[in-house]
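To start, the structure under review is shown below, and the notes come after it.
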Number of protein chains: 2
Amino acid sequence: MTATGAEPRQEGSLLLDDQLCFALYAASRAVTARYRPLLDELGLTYPQYLVMLVLWEQDSVSVRDLGTALQLESSTLSPLLKRLEAHGLLRRERRAEDERSVAIRLTETGARLRERARTVPVAIGDAMGLTREQDATAKQLLRLLTANVSED
Amino acid sequence: MTATGAEPRQEGSLLLDDQLCFALYAASRAVTARYRPLLDELGLTYPQYLVMLVLWEQDSVSVRDLGTALQLESSTLSPLLKRLEAHGLLRRERRAEDERSVAIRLTETGARLRERARTVPVAIGDAMGLTREQDATAKQLLRLLTANVSED
DNA sequence: CGCCATTTAGTCGTGCGCAACTTATTAGTG
DNA sequence: CACTAATAAGTTGCGCACGACTAAATGGCG
């Protein structure tokens with residue numbers, strides 16, 4: 001893939017459309033918006049869906065583990081998990097070994113939801129309309145960017 | 001750039017780390033977090049900064065124009081613009097030609113802030129640590145993705 | 001002209017996302 | 001062992017983001 005630079009590439013431009021950050025911000029919201037109708041049918045928001053992805057991979061994780069996986073603070077996760085618990089998808093219980101920690105476990109309902117969610121990544125993949133290579137390149141660049149920007 | 005696919009590339013994976021959407025979500029928040037201390041000094045949040053970028057390009061735009069440029073709803077912009085007005089950076093006045101429309105104009109303070117903001121894109125560019133080509137490729141892919149996903 | 005559909009901002013309610021802080025528990029040090 | 005530092009989860013306050021809705025103004029059509 002070649003960079004077809006139809007861009008005024010001066011280093012410190014203040015033009016909105018020169019900013020990678022804006023492309024990122026717009027893309028992220030556009031993708032989330034595309035997820036919304038699909039996730040509505042599952043009764044999930046997008047961040048809730050991400051939490052469920054983690055739990056479907058590995059049941060019984062701590063709030064801390066979720067925070068590490070999703071890069072979210074407990075101040076974001078705690079209320080979100082409460083809502084998922086209220087919807088009957090998971091249970092929260094203090095660990096006996098360490099009373100500070102809370103184990104998040106799927107309920108039967110939560111575990112079963114996985115089957116209904118299987119179609120979601122496929123539908124989104126279609127909508128994104130990237131080739132396999134573009135998808136891989138994008139992921140790679142986004143991870144590099146995240147790593148660089150998260151330093152110190 | 002080659003796609004070094006150390007990925008389990010099955011089409012409909014439910015693994016968090018296979019999802020482009022998560023890479024996007026994480027990158028967007030990481031970049032915004034990197035902006036935060038810089039923008040704090042200007043007294044701006046990240047979305048407020050984006051609004052200012054538009055206004056520094058073209059003074060006197062409508063709420064609708066801002067919404068088109070930033071892909072945001074009036075329900076997001078109206079309160080945000082009120083806060084910027086309260087901080088003395090802009091004024092909102094109904095247009096005489098069309099009383100439905102509101103013209104957003106920079107105050108002297110708002111216009112002057114541009115000079116202090118000049119260092120921001122440079123600092124962020126450094127922190128991102130992408131080559132020119134990676135930056136261009138990322139922007140290109142993100143725009144393609146946004147366009148595809150926004151269809152219909 | 002009169003009327004209705006459209007357009008433009010705006011309000012309201014809900015759910016993030018994060019900084020700053022609190023509380024409870026555990027670990028580590030002398 | 002005592003005591004302090006750390007860790008884990010949660011609360012609060014604020015600012016987005018967006019859907020659903022409202023009010024006011026304009027455009028278009030008969």
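Quick note: numbers below take in every heavy atom, side chains included, and nothing from hydrogens, waters or symmetry partners.
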Whether A:Asn148 side chain and B:Met128 backbone form a donor-acceptor pair below 3.5 Å: yes
Could you pull out all residues at least two apart from B:Thr109 that satisfy side chain to side chain contact (heavy atoms under 4.5 Å, CB included)? B:Leu89, B:Thr107, B:Arg112
Sub-3.5 Å donor-acceptor pair from the side chain of B:Arg94 to the main-chain atoms of B:Glu99, do we have one? yes
By salt bridge (Lys or Arg N to Asp or Glu O under 4.0 Å), which residues pair with A:Arg100, not counting sequence neighbours? A:Asp98
Taking the side chain from B:Thr32 and the backbone from B:Ser28, do they hold a donor-acceptor pair closer than 3.5 Å? yes
Remember a base hit wins even if backbone is also touched, and classify B:Thr32 as base, sugar-phosphate or nothing at under 4.0 Å, heavy atoms. nothing
Between CG of B:Leu66 and C1' of C:dT7 the distance, given in whole Å, is 17 Å
For the residue pair A:Leu130 and B:Leu20, establish whether any side-chain heavy-atom pair is separated by less than 4.5 Å. yes
Taking only N/O atoms, report every protein-nucleotides 21-24 of chain C pair under 3.5 Å with atom names and distance.
none

Neighbours of DNA chain D within residues 78-95 of chain A, by heavy-atom distance under 4.0 Å: A:Ser78, A:Lys82, A:Arg92, A:Arg94
Reading DNA chain D in the 5' to 3' direction, which nucleotide is the first one with an atom under 4.0 Å from a heavy atom of chain B, and which is the last? D:dG15 to D:dT26
Which whole-number value in Å describes the distance from B:Phe22 CZ to C:dG17 P? 11 Å
Mind checking whether A:Val61 and A:Leu55 have side chains closer than 4.5 Å, heavy atoms only? yes
Whether B:Tyr25 contacts C:dC16 is assessed here as follows: a side-chain N or O lying under 4.0 Å from the phosphate OP1 or OP2. Is that the case? no
Residues which pass salt bridge (Lys or Arg N to Asp or Glu O under 4.0 Å) with A:Glu57, listed by chain and number, not counting sequence neighbours: none
Going by the ring pair (Phe, Tyr, Trp, His ring centres under 6.0 Å) test, which pairs reach into residues 78-136 of chain A, not counting sequence neighbours? none
With side chain to side chain donor-acceptor pair (under 3.5 Å) as the criterion, how do B:Asp65 and B:Thr68 come out once you've worked through the C-alpha distance, each side chain's angles and the decisive distance to 0.1 Å? CA-CA 5 Å; B:Asp65 295 336; B:Thr68 303; 5.4 Å; no
Below 3.5 Å, can you tabulate the donor-acceptor pairs from side chains in residues 114-126 of chain B to any protein atom, sequence neighbours excluded?
unit_1	atom_1	unit_2	atom_2	d
B:Arg114	NH1	B:Trp56	O	2.8
B:Glu115	OE1	B:Arg118	NE	3.3
B:Arg116	NH1	B:Glu41	O	3.4

Going by atom type alone, with no hydrogens or angles, which donor-acceptor pairs under 3.5 Å involve a side-chain atom of residues 42-53 of chain B and a protein atom two or more places apart or on another chain?
unit_1	atom_1	unit_2	atom_2	d
B:Thr45	OG1	B:Gln48	N	3.3
B:Tyr46	OH	A:Cys21	O	3.2
B:Gln48	OE1	B:Thr45	N	3.1

Starting from A:Leu15, can I reach B:Leu38 by hopping between I/L/V/M/F/W/Y residues whose side chains sit under 4.5 Å apart? no
Among the clusters formed by ILVMFWY side chains lying less than 4.5 Å apart, do A:Leu72 and A:Leu84 turn up in the same one? yes
Write down the protein N/O and nucleotide N/O pairs, taken from nucleotides 18-20 of chain C, whose separation is under 3.5 Å; answer none if there are no such pairs.
unit_1	atom_1	unit_2	atom_2	d
C:dC18	OP1	B:Arg29	NH1	3.4
C:dC18	OP2	B:Arg29	NH1	3.1
C:dA19	N6	A:Ser75	OG	3.2

Just jot down the salt bridge (Lys or Arg N to Asp or Glu O under 4.0 Å) partners of A:Glu85, sequence neighbours excluded, or say none. A:Arg92
Can you pull out the residues from residues 38-49 of chain B that lie within a 4.0 Å heavy-atom distance of DNA chain D? B:Thr45, B:Pro47, B:Gln48
